[in-house]
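Everything numeric here is computed off the predicted structure, so don't read it as measured data. Throughout, protein chains are lettered first and strands after them, A, B, ... in sequence-line order, and every chain is numbered starting at 1.
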2 protein chains.
Amino acid sequence: MQDHEHKFAEYLAQKGLKLTAPRKYILLEAFKLHEHFNAEELYEKVKRVTPEVSLATVYRTLPLLMEAGLVQSALRSSGRDRYEHIYGHPKHIHWLCRSCGAIMETDLQPINETIAAQAKTIRFEAQDIELNIKGLCWKCTANDNENQPDES
Amino acid sequence: MQDHEHKFAEYLAQKGLKLTAPRKYILLEAFKLHEHFNAEELYEKVKRVTPEVSLATVYRTLPLLMEAGLVQSALRSSGRDRYEHIYGHPKHIHWLCRSCGAIMETDLQPINETIAAQAKTIRFEAQDIELNIKGLCWKCTANDNENQPDES
DNA sequence: GGAATATTGCAACTGATTCTCAATACAGGG
DNA sequence: CCCTGTATTGAGAATCAGTTGCAATATTCC
């Protein structure tokens, strides 16, 4: 059993919940997805393995995965909540281009210390850090400059 | 005319849009609200001043205020998009307590440099920085440690 | 003041997420 | 292994935030 499966099983047991086949498959597929995904996308993946699983169950399982610390919510996009699995992955900064919709990631490590210091000051126990930056990627900046001769 | 009114008027003119009464009131009320708000809450405020304004118009105006750089989206909460006015206000980090729902704010300044450096590296033009941290505030940390006899 | 055009309120609509409920699967004890 | 009490499920209905079409209205600029 993989590490994340074990952690999920543990979490469920501790909560008095059951480790069912649908939940196993949803966890598995979530960890196969190596980009961000929304509920529907995860559902499509799971359906390929076990077609009888319903979208409702995916929606019901996602919060469990989050509480178990296996998945975290990511940059919401086009009206849909998005997620990413995080167990064992370092956190990162998300850069969303408002023009082309591209999402880039960089290391969050450099600011962790600063955040930890502030957390200490206000006595906050940080569990989840989400740093999203919206703007223009270099490609779209280039395009903008061409079409917009004057900026002042 | 206040500074933010002026900036909004300027933005609209530049876009060939009209400065209407509903838009003025929505802007005004948004700047009176000194916490985060969602569309419905802003609508309620506006309605007290001009009852004939519709919720749809609030929804239609919010994106304009964001594009004008007067309002920015904040921590989404209970399925609703939330906003805060920002014109002239320094950006800040949001700390959301998962237990009691309290939202605290701290200065974003200390990490700005780091972000600017990364932005430069990936050649990204940052317009909007959103740093949200979820966890437990000091009150709830205390509660969790002391009285947690029957949570199962 | 008048024309051209943007905007509005209203209600109907959309699409994501949640809920209801009867049927089913799981965990633990026998 | 089978039984029992409970948690869970699938399917579809329901909900709810946010959007849109449209005819009436307001604004801008001349």
Side-chain angles (χ1 to χ4, degrees), chain A residues 1 5-6 8-30 36-44 46-68 71 73-83, chain B residues 1 5 8-30 36-44 46-68 71 73-83 152:
Chain A
M1 178 145 62
E5 288 181 71
H6 187 254
F8 192 35
E10 222 168 40
Y11 167 80
L12 292 173
Q14 174 227 319
K15 283 271 181 180
L17 303 177
K18 292 170 179 171
L19 180 55
T20 63
R23 283 178 182 164
K24 267 184 224 162
Y25 286 119
I26 291 166
L27 170 66
L28 246 51
E29 293 305 314
H36 305 171
F37 56 87
N38 59 39
E40 184 95 31
E41 285 162 357
L42 179 53
Y43 169 61
E44 290 303 331
V46 173
K47 228 175 27 177
R48 287 192 202 160
V49 185
T50 49
E52 68 282 359
V53 168
S54 82
L55 180 56
T57 297
V58 173
Y59 273 110
R60 282 189 281 232
T61 304
L62 245 5
L64 297 177
L65 292 175
M66 290 209 282
E67 276 162 44
V71 157
S73 63
L75 212 46
R76 185 178 162 83
S77 146
S78 31
R80 285 185 171 105
D81 288 339
R82 309 187 88 235
Y83 307 86
Chain B
M1 179 142 65
E5 288 180 70
F8 192 34
E10 221 167 41
Y11 168 80
L12 292 173
Q14 174 226 318
K15 283 270 182 179
L17 303 176
K18 292 169 180 172
L19 181 54
T20 63
R23 282 178 183 165
K24 267 185 224 163
Y25 286 118
I26 291 166
L27 170 67
L28 245 51
E29 293 306 313
H36 304 173
F37 55 88
N38 60 39
E40 185 95 32
E41 285 162 356
L42 178 53
Y43 169 61
E44 291 301 331
V46 173
K47 226 173 32 174
R48 286 190 204 162
V49 185
T50 50
E52 67 283 357
V53 168
S54 81
L55 179 57
T57 297
V58 173
Y59 273 111
R60 282 189 277 232
T61 303
L62 245 6
L64 296 177
L65 292 174
M66 290 209 283
E67 277 161 45
V71 157
S73 63
L75 213 46
R76 185 178 162 85
S77 146
S78 32
R80 285 184 171 106
D81 288 340
R82 309 186 88 234
Y83 308 86
S152 66

Exercise for review: When you get a sec, tell me which of D:dG10, C:dG9, C:dT17 is the closest nucleotide to the side chain of A:Thr57?
Suggested key: D:dG10
**Study point:** Shortest non-hydrogen separation from B:Leu55 to B:Ala39 and the atoms involved
**Key:** CD1-O, 4.1 Å
Exercise for review: Would you tell me if any nitrogen or oxygen in the side chain of B:Thr20 comes within less than 4.0 Å of OP1 or OP2 on C:dA6?
Suggested key: no
Point to revise | Length of the line joining B:Leu17:CG and D:dC29:C1', which is rounded to integer Å | key: 15 Å
Review point. Looking at C:dT7, D:dT28, D:dT8, which one has an atom nearest to any side-chain atom of A:Arg23?
Key: D:dT8
Check your understanding: What residues form a salt bridge (charged side-chain N to carboxylate O under 4.0 Å, His left out) with B:Glu44, not counting sequence neighbours?
Key -> B:Lys47
Practice item. Estimate the overall bend of the helix from C:dG1-D:dC30 to C:dG30-D:dC1 from the end axes over five pairs each, rounded to 10 degrees. Key: 50°
Review point. Do side-chain atoms of A:Arg76 reach the backbone of A:Gly79 as a donor and acceptor pair under 3.5 angstrom?
Key: yes
Exercise for review: Check the distance between D:dG18's P and B:Glu41's CD and give it to me in whole angstrom.
Suggested key: 11 Å
Check your understanding: Side chains of A:Leu27 and A:Glu5: closer than 4.5 Å at any heavy-atom pair?
Key -> yes
Check your understanding: Expressed in angstrom and rounded to an integer, what is the separation of A:Leu62 atom CG from D:dT9 atom P?
Key -> 13 Å
Revision key, fill the gap. Taking D:dG18, C:dT17, C:dA6 as options, the one with an atom nearest any side-chain atom of A:Asp81 is C:dT17
Check your understanding: Does atom OH of B:Tyr25 have more than 12 heavy-atom neighbours, drawn from other residues, nucleotides or ligands, at distances under 6.0 Å?
Key -> no
Revision key, fill the gap. Tested for side-chain contact (heavy atoms from CB on, under 4.5 Å) against A:Arg23, the lone hit among A:Val53, A:Leu17, A:Leu28 is A:Leu17
Practice item. Could you tell me the separation between the CZ atom of B:Phe8 and the C1' atom of C:dT7, rounded to a whole number of Å? Key: 12 Å
**Study point:** Phosphate-side-chain proximity, A:Tyr59 and C:dT18, N/O vs OP1/OP2 below 4.0 Å
**Key:** no
Review point. Counting N and O atoms only, with roles assigned by atom type, does the side chain of A:Glu67 sit under 3.5 Å from a partner on the main chain of A:Leu64, one being a donor and the other an acceptor?
Key: no
Check your understanding: Which part of the nucleic acid does B:Glu40 contact within heavy-atom distance under 4.0 Å: base, sugar-phosphate only, or nothing?
Key -> nothing
Check your understanding: Any side-chain N or O of A:Arg60 under 4.0 Å from OP1/OP2 of C:dT17?
Key -> no
Check your understanding: If you check the A:Pro22 side chain, which of D:dA17, D:dG10, D:dT27 turns out closest?
Key -> D:dG10
Study note, to complete from the structure: Checking C:dC10, C:dT17, C:dC26 against the side chain of B:Ala56 (C-beta onward), the nearest is C:dC10
Point to revise | Value in whole Å for how far the P atom of D:dT28 lies from CG of B:Leu19 | key: 6 Å
Exercise for review: Would you kindly compare B:Ala21 and A:Leu55 by the position of their nearest DNA chain D nucleotide and give the one closer to the 5′ end?
Suggested key: A:Leu55
Practice item. May I have the distance from B:Asn38 (atom CG) to D:dG18 (atom C1'), rounded to whole angstrom? Key: 12 Å
Study note, to complete from the structure: In terms of heavy-atom contacts, A:Ala68 and A:Phe8 come closest through CB-CD1, 4.2 Å
Point to revise | Protein-nucleotide distance (B:Tyr43, atom OH; C:dC10, atom P), rounded to Å | key: 7 Å
Check your understanding: Out of C:dA27, C:dG9, C:dT17, which nucleotide sits closest to the side chain of A:Lys18?
Key -> C:dA27
Review point. Nearest-Å distance, CG (B:Leu42) to P (D:dA17)?
Key: 15 Å
